[in-house]
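Chain A is the first sequence line, chain B the second, and so forth, proteins listed ahead of strands; every chain is numbered from 1.
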Number of protein chains: 2
Amino acid sequence: MAVLSEDLTPRLVEAVVNGELTPGTKLSEPELARRFEVGRGSVREALLRLEGLGLVERLPRQGARVVSLTPEGLTELFAVREALEGMACRLAAMAITPAEADALTRLLAQHQQFVDSQEEYQRQQGEEDFHYLLFKASHNRMLVSLLGDELYQLLRMYRHRLSYRHSDPRQALLEHRQILDAVLQGDGELAELLMRRHVARSRRHLLVQFQEEMQ
Amino acid sequence: MAVLSEDLTPRLVEAVVNGELTPGTKLSEPELARRFEVGRGSVREALLRLEGLGLVERLPRQGARVVSLTPEGLTELFAVREALEGMACRLAAMAITPAEADALTRLLAQHQQFVDSQEEYQRQQGEEDFHYLLFKASHNRMLVSLLGDELYQLLRMYRHRLSYRHSDPRQALLEHRQILDAVLQGDGELAELLMRRHVARSRRHLLVQFQEEMQ
DNA sequence: GTCGGCATTTTTGTCGACAAATATTGTTTT
DNA sequence: AAAACAATATTTGTCGACAAAAATGCCGAC
């Protein structure tokens, strides 16, 4: 028998991230319970998890609302990401295994092929895969949990809402290659520096889109 | 009317942090419900929050257990803290207000008095106050929430379990002063560097205590 | 026409109850 | 005596129910 509230959480996360439930929307527990055909307790539990992911805000006796997206929120998120992904790179330079190094090397070779063949196809996923594999190589469970679970969904929400367009794929691939090189050479300091620049660039890119799209 | 599950959470946190509930202890929902005289639903909600704080681990159909403390866990926590507190310092150097600057300056003057008068009294709290005021000056709500709420309780748990003894108070005060000076001069880069060293020193200090006390 | 107060309705916070799953205990077997 | 099994007991996951609080709509007053 499955655990309802755990199956329900990703479904609610998707609904929030993909904009089905827009920012500011009041999330009524009875309504969600009817919609997902579960008891109100399970909805409550799922909403509590969403609060932990920063996707909804819960006020006592007032219920949960989908968080609103602001340039400040985006900036804050990226400051945290810059710090954590930078540290993850530094640690990965010391802790990465040969298998993980191979997987990352192969991934970038694959990206190279896509760039060469002009297929932008799947680029989005590839970017995420690179970051995921890399911070997982830090072998720091708390970092992986923060970057991969807790902060990741909010990042996805911003990207979705901004009809995310990547900047130059060649530039991104170049930066990824530089970062991976530093990691493979065991130069944690350089790897951290390069990753922080990479994340900061990404932040500026998204902030521009924010200005453009949301008047 | 108060919100039971929110009042219950800090009580459970305290019980876990101060060792009343030792690592590995199974936390039975009915038992906690009787003990704290609330319904099982409220206990469940509180346990879910504790899981978010990293104080308990919940396995489906098996309930919650107090996390066990390990040198690896301590190292992971401090890597995250080093990254986040460093970033907070960098941001604080840009965003700190005159009022916050005053409060921090006064706090360090107070610490100086304590050091001069040899009263080690209240040192523990003072250390925490400094860090709290400082990362709050970053004006990054996500950083404040992570450092002040989510990671803080686990740090307290490690400190408590290690009958935390500070290293040299004069050394700590010196480092704090250097950090604050850098922040007040708007030198975010230096402030970050110094804070990261400070946290790393603290990590090594606690790790030694870990080796000593837990064989 | 707009603002303010009152009654109604909905929603949240909380609890107890039930079924399924797990843990525990005692018993039997090798 | 140790291991495997079975019956019991406890616990978790889930739901519906109830009271208090908040949101809503309605009516009258200005």
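Note: CG (Leu59(B)) to C1' (dA21(C)) measures 14 Å, nearest angstrom. Rounded to a whole Å, the CG atom of Leu48(A) is 14 Å from the P atom of dG13(D). Rounding to whole angstrom units, CZ of residue Arg40(B) and C1' of dA19(C) are separated by 12 Å. Remark: P of dT22(C) and CZ of Arg61(B) are 7 Å apart, rounded to the nearest angstrom. Taking atom CD of residue Glu51(A) and atom P of nucleotide dG13(C), one finds them 10 Å apart after rounding to whole Å.
Under a 4.0 Å N-O distance rule, the pair Arg81(A)/Glu150(A) does not qualify as a salt bridge.
Below 30°, between 30° and 60°, or above 60°: for Tyr158(B) and Phe210(B) the angle between ring planes is between 30° and 60°, a tilted geometry. Below 30°, between 30° and 60°, or above 60°: for His176(A) and His111(A) the angle between ring planes is between 30° and 60°, a tilted geometry.
Shown here are the salt bridge (Lys or Arg N to Asp or Glu O under 4.0 Å) partners of Glu57(B), two or more places apart in sequence or in another chain: there are none. For Ala88(A), the side chain to side chain contact (heavy atoms under 4.5 Å, CB included) partners are Phe135(A), Ser138(A), Leu143(A), Leu147(A), not counting sequence neighbours.
Using a 4.5 Å cut-off on side-chain heavy atoms (C-beta onward), Met157(B) and Val66(B) make contact.
Applying the 4.0 Å criterion to OP1 and OP2 of dG13(C), one finds that Arg44(A) has a side-chain N or O inside that range. The phosphate of dC15(C) (OP1 or OP2) has a side-chain N or O of Ser42(B) nearer than 4.0 angstrom. Applying the 4.0 Å criterion to OP1 and OP2 of dT12(C), one finds that Gln62(A) has every side-chain N and O outside that range.
Residues from residues 21-33 of chain B placing a heavy atom under 4.0 Å of any atom in DNA chain C do not occur.
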